[in-house]
Amino acid sequence: MAATSSSDESTRRILAAVRAIPPGQVAGYGEVAHRAGLPGRARLAARVLAGNGDPELPWHRVLRADGRIAFPEGSAGYREQCQRLRAEGVRVEGGRVKRQRGPRDLDEAVWGPDSGA
DNA sequence: GCGCTGACGCGAT
DNA sequence: CATCGCGCCAGCG
């Protein structure tokens, strides 16, 4: 068998982390990368999503650390991601994703109450 | 072999 | 809260 390239391995892990994101919930690129065992490789996660080929991959649940859509406003990807998130019950305002639960505890509220619990 | 760009992150201003 | 700059790695010309 072909040698398991670290890059492919990392890619596989990142995709798995993205698939692990439950509906109605979102995660940041850095968060996904961290879950994949690649802390600090947020850019790599983005690269993977950009080159993915899985229609079932919930890439739309992946946003920037600020909770903002990674795509430029008005872009096709932006609209699609925004629409998909709304379809899952995610509140999107001005390209910013806000959770439905209204806890103002940033530490707990940022990316999911059960994310790290 | 080299430099630029990019679905990023975080600290500082 | 918005903006700027630096650091990070990987693909591409």
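Computed from a predicted model, the values in this text were never measured in an experiment. To find a chain, count down the sequence lines: A is the first, B the second, and so on, and within it residues start at 1.
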Separation of [X] atom [atom1] from [N] atom [atom2], in whole Å?
X	N	atom1	atom2	value
A/Arg13	C/dC9	CZ	P	18 Å
A/Arg79	B/dA7	CZ	P	18 Å
A/Tyr29	C/dA10	OH	C1'	16 Å
A/Ile14	C/dG11	CD1	P	11 Å
A/Asp66	B/dG11	CG	C1'	12 Å
A/Arg47	C/dA10	CZ	P	11 Å

Here DNA chain C, pairs taken as Watson-Crick or G-U under 3.5 Å and shown with ( ), [ ] when crossing and | when to another strand, reads .||||||.|||||
Quickly, which of A/Thr11, A/Ile14, A/Leu57 forms a side-chain contact (heavy atoms from CB on, under 4.5 Å) with A/Asn52? Name it, please.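 Of the listed options, the one satisfying the test is A/Leu57.
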Taking [Y]'s backbone N and O only, do any of them form a donor-acceptor pair with [X]'s side chain (distance below 3.5 Å, no angle check)?
X	Y	answer
A/Arg41	A/His34	no
A/Arg61	A/Val26	no
A/Gln81	A/Leu63	no

Quick one: the side chain of A/Arg43 and the base of B/dG6, do they pair up donor-acceptor inside 3.5 Å?
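Side chain to base: pair present.
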Ranking C/dC9, B/dG9, C/dG11 by distance to the side chain of A/Arg64, first place goes to B/dG9
- request: Answer with base, sugar-phosphate or nothing: what part of the nucleic acid does A/Leu44 contact at a heavy-atom distance below 4.0 Å?
  value: sugar-phosphate
With a non-hydrogen cut-off below 4.0 angstrom, is A/Gly77 in contact with a base, only sugar-phosphate, or nothing? nothing
Q) Any ion pair linking A/Arg96 and A/Asp66 (charged N to carboxylate O, less than 4.0 Å)? A) no
Want to settle it: does A/Arg96 or A/Arg41 sit nearer the 5' end of DNA chain C, counting the closest nucleotide to each?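 Final value for this comparison: A/Arg96.
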For A/Arg19 and A/Asp54, what are the C-alpha separation, side-chain angles and deciding distance, and is it a side-chain contact (heavy atoms from CB on, under 4.5 Å)? CA-CA 10 Å; A/Arg19 287 187 181 119; A/Asp54 194 330; 2.5 Å; yes
A/Glu88 and A/Arg84: CA distance, side-chain angles, deciding distance, salt bridge (Lys or Arg N to Asp or Glu O under 4.0 Å) verdict
CA-CA 6 Å; A/Glu88 294 195 350; A/Arg84 282 193 174 195; over 6 Å; no
